[in-house]
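Convention: sequence-line order gives letters A, B, ...; per-chain numbering from 1. Remember, predicted model here, so these are calculated numbers, not experimental data.
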Number of protein chains: 2
Amino acid sequence: MTSTPPPLSSPPLTSTLPLTSTLPLTRIAVRPEPARPPARVAEILAAARDILEREGADALTMRRIGEVLGIRAPSLYKHLASKDALATGLAEVALAEVGEYLHRAVDEADAGAVVAALIGAYRGYALAHPNLYRMFTAGRLPRAALSSGLEQWAGEPFYRATGDPYRAQALWAATHGAVLLELEERYLPGSDLDRTYAALAEAFAA
Amino acid sequence: MTSTPPPLSSPPLTSTLPLTSTLPLTRIAVRPEPARPPARVAEILAAARDILEREGADALTMRRIGEVLGIRAPSLYKHLASKDALATGLAEVALAEVGEYLHRAVDEADAGAVVAALIGAYRGYALAHPNLYRMFTAGRLPRAALSSGLEQWAGEPFYRATGDPYRAQALWAATHGAVLLELEERYLPGSDLDRTYAALAEAFAA
DNA sequence: ACCCGGCGGCTAACGCTGTTAGCTGAAGGC
DNA sequence: GCCTTCAGCTAACAGCGTTAGCCGCCGGGT
């Protein structure tokens with residue numbers, strides 16, 4: 001673990017990586033220690049996630065969260081500084097989840113189809129948790145508040161699949177874009193999205 | 001103009017296009033007639049755009065728009081049904097603008113570097129108008145309210161650059177994702193984004 | 001045993017948002 | 001000259017995140 005991989009969100013300016021076909025399919029970075037919030041905060045986050053996933057982003061109000069917990073909205077501020085802090089907490093949870101999911105997808109993929117497997121896993125997670133995915137993806141969340149290293153670790157599978165930090169960033173961005181457009185239904189009904197994702201995988205499979 | 005190209009957002013399920021390297025670099029679809037809103041509505045849209053670009057999305061309030069126009073907020077509803085309708089109007093303007101910009105970029109590109117030129121133009125527009133770009137991109141805008149064909153026409157440059165509807169969709173999504181991540185500063189400072197975009201262009205240059 | 005501090009609830013309220021209802025003056029058509 | 005329509009206005013509502021200030025309860029220290 002002496003040589004850490006370039007983090008996804010900030011590759012080193014000079015790549016020291018060989019551009020050969022031998023990919024670093026083994027995991028490199030260690031999973032960062034997950035944040036362990038106080039019990040009541042964890043309950044609030046769980047309730048918030050529940051509301052977000054079941055009822056949508058518009059329903060995620062402080063008053064609604066309080067209602068679910070049998071509490072009035074202002075009492076939430078005894079545990080959380082702001083709604084943004086709550087969003088950050090949710091992002092932390094989702095980031096750890098999706099990171100684990102993507103790492104496992106790379107672990108289990110056939111060597112020849114890593115990129116396609118990764119894209120498929122990414123898409124699968126986003127479609128399974130659309131509102132949660134939008135939460136830690138869209139909008140500006142205060143990245144400084146996230147556990148250090150978590151974001152890099154979550155993005156590492158793209159580096160494992162491409163073997164190059166810039167291709168990793170590009171593939172991550174591309175997959176993110178495709179998933180976002182799908183979530184927001186910007187493709188007219190009838191589009192064969194499988195073929196679009198296949199085209200994306202093909203472009204990065206070289 | 002008898003054979004229209006497959007629209008970007010909904011390619012035909014069976015592609016009738018040759019996958020050769022001869023790209024349809026000429027423009028195919030005609031630019032749809034731009035919507036011509038009543039004069040006062042156009043003034044409101046102009047003021048809204050001004051506020052959005054100069055002061056950010058949070059400042060784009062009905063009261064603020066009224067203030068700029070020397071009007072009270074409720075009076076805006078004599079011209080617009082809702083704030084969503086206003087957002088739709090802005091999206092229409094931006095879509096026409098970016099479409100024209102991208103088409104021209106493809107027009108003027110060297111034959112061997114169309115994809116890179118297109119990506120560069122897309123990135124350039126988004127960076128020049130970040131808040132406007134987010135407006136018609138993020139969030140859910142009622143696509144039914146947009147001028148029919150406008151969105152397809154605006155996306156056509158990606159088809160012109162790739163020659164295949166699915167690669168076009170994938171490239172569009174990928175560029176969109178990369179630009180979004182850049183706008184939301186999800187790359188840590190110090191990242192050489194030019195290289196990331198280059199990697200993206202390279203993947204689609206085949 | 002008592003006090004005392006803090007935790008975690010509560011109500012009331014503020015300023016902001018989009019939006020509606022209802023009034024009014026001015027302009028234009030018959 | 002009247003009457004309709006347009007385009008402004010004020011007042012107000014519900015809902016949002018958030019703050020201030022109050023209070024009961026529970027645990028620890030002396």
Side-chain angles (χ1 to χ4, degrees), chain A residues 35-92 131-132 134-136 138-142 144-145, chain B residues 35-92 131-132 134-136 138-142 144-145:
Chain A
R36 306 269 256 106
R40 194 81 236 239
V41 174
E43 290 178 23
I44 295 174
L45 286 175
R49 174 174 185 168
D50 224 57
I51 295 166
L52 177 63
E53 301 219 48
R54 292 168 126 90
E55 308 173 23
D58 285 351
L60 189 62
T61 60
M62 300 303 266
R63 287 169 174 84
R64 178 80 186 107
I65 297 171
E67 191 180 352
V68 166
L69 293 170
I71 287 291
R72 297 303 155 94
S75 302
L76 295 171
Y77 290 85
K78 299 291 180 175
H79 307 278
L80 289 160
S82 66
K83 199 185 180 186
D84 276 357
L86 189 146
T88 302
L90 285 181
E92 181 112 2
N131 294 316
L132 189 61
R134 277 205 204 86
M135 167 121 305
F136 75 94
R140 43 177 52 273
L141 72 148
Chain B
R36 306 270 255 106
R40 194 82 235 240
V41 174
E43 290 177 23
I44 295 175
L45 287 175
R49 176 175 182 166
D50 224 58
I51 295 167
L52 177 63
E53 300 219 50
R54 290 168 129 89
E55 309 173 22
D58 286 351
L60 189 62
T61 311
M62 300 303 266
R63 285 169 176 84
R64 177 79 186 109
I65 297 172
E67 191 180 352
V68 166
L69 293 170
I71 286 292
R72 297 300 156 94
S75 302
L76 294 171
Y77 290 85
K78 299 293 179 177
H79 307 279
L80 289 159
S82 67
K83 198 185 180 185
D84 277 357
L86 189 144
T88 303
L90 285 180
E92 182 112 2
N131 294 316
L132 189 60
R134 277 205 203 85
M135 168 120 306
F136 76 94
R140 42 176 54 275
L141 72 148

Asks: Whole-Å distance between dA7(D) C1' and Ile44(B) CD1?
Replies: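 So the two atoms are 11 Å apart, to the nearest Å.
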Asks: OP1, OP2 of dG8(C) versus side-chain N and O of Ser75(A): anything below 4.0 Å?
Replies: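 Indeed not, no polar side-chain atom of Ser75(A) lies that close.
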Asks: Would you classify Thr61(A) as touching base, sugar-phosphate or nothing, given that sugar-phosphate means primed atoms plus P, OP1 and OP2, and contacts are heavy atoms under 4.0 Å?
Replies: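 Sugar-phosphate only.
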Asks: Starting from P on dA7(D), measure out to CG on Leu80(B) and report it in whole angstrom.
Replies: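 So the CG-P distance, Leu80(B) to dA7(D), works out to 12 Å.
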Asks: Decide yes or no for Glu55(B) and Arg64(B): does some side-chain heavy atom of the first lie under 4.5 Å from some side-chain heavy atom of the second?
Replies: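 They are in side-chain contact.
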Asks: Select base, sugar-phosphate, or nothing to describe what Leu76(A) touches, counting heavy atoms under 4.0 Å on all strands.
Replies: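 No contact.
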Asks: Grab the CE-P distance between Met62(A) and dG9(C) for me, whole Å please.
Replies: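 Those two atoms, CE and P, are 13 Å apart.
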Asks: From the options dG9(C), dG17(D), dT10(D), select the nucleotide whose nearest atom is closest to the side chain of Pro74(B).
Replies: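 Nearest to the side-chain atoms of Pro74(B), counting from C-beta on, is dT10(D).
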Asks: Looking only at side-chain N and O atoms, does His79(A) come under 4.0 Å of OP1 or OP2 in dC7(C)?
Replies: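 For His79(A), the contact criterion (side-chain N or O under 4.0 Å from OP1 or OP2 of dC7(C)) is not met.
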Asks: May I have the distance from Tyr77(A) (atom OH) to dT18(D) (atom P), rounded to whole angstrom?
Replies: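 After rounding, the reported distance stands at 3 Å.
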Asks: Where do Leu52(B) and Ala57(B) come nearest, in terms of heavy atoms and distance?
Replies: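 Shortest heavy-atom contact: CD1-CA, 3.7 Å.
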Asks: Would you say Arg72(A) places a side-chain N or O within less than 4.0 Å of OP1 or OP2 belonging to dT11(C)?
Replies: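 Affirmative; the distance criterion is met.
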Asks: To check you understand the geometry: which heavy-atom pair defines the closest contact between Leu45(A) and Pro37(A), and what is its length?
Replies: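 So the two residues come closest at CD1-CG, 4.4 Å.
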Asks: Does a side-chain N or O of Arg64(A) approach OP1 or OP2 of dG15(D) to a distance below 4.0 Å, or not?
Replies: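 So the side-chain polar atoms of Arg64(A) never come under 4.0 Å of the phosphate oxygens OP1 or OP2 of dG15(D).
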Asks: Mind checking Arg63(A) for me? I need base, sugar-phosphate or nothing, with any heavy atom below 4.0 Å counting as a touch.
Replies: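 Base contact.
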Asks: Rounded to whole Å, how long is the line connecting atom CG of Leu86(B) with atom C1' of dT19(C)?
Replies: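 Interatomic distance, CG of Leu86(B) to C1' of dT19(C): 14 Å.
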Asks: Can you find a heavy atom in the side chain of Leu86(B) that is under 4.5 Å from one in the side chain of Ile65(B)?
Replies: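 Yes, at least one pair of side-chain atoms sits under 4.5 Å.
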Asks: What is the separation between atom CG on Asp58(A) and atom C1' on dT17(C), rounded to the nearest whole Å?
Replies: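 Value for this atom pair: 13 Å.
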Asks: Look at the side chain of Lys78(A) and decide which nucleotide, out of dT19(C), dT18(D), dG21(D), has an atom nearest to it.
Replies: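 Side chain of Lys78(A) sits closest to dG21(D).
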Asks: Evaluate the criterion side chain to side chain contact (heavy atoms under 4.5 Å, CB included) for residue pair Val68(A) and Asp50(A); output intermediate values, then yes/no.
Replies: CA-CA 10 Å; Val68(A) 166; Asp50(A) 224 57; over 6 Å; no
Asks: Over how many whole Å does the gap from Ile71(A) atom CD1 to dG9(C) atom C1' extend?
Replies: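 Nearest whole value for this atom pair: 6 Å.
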Asks: CG of Leu69(A) versus C1' of dC10(C): gap in Å, rounded?
Replies: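 Between C1' of dC10(C) and CG of Leu69(A): 15 Å.
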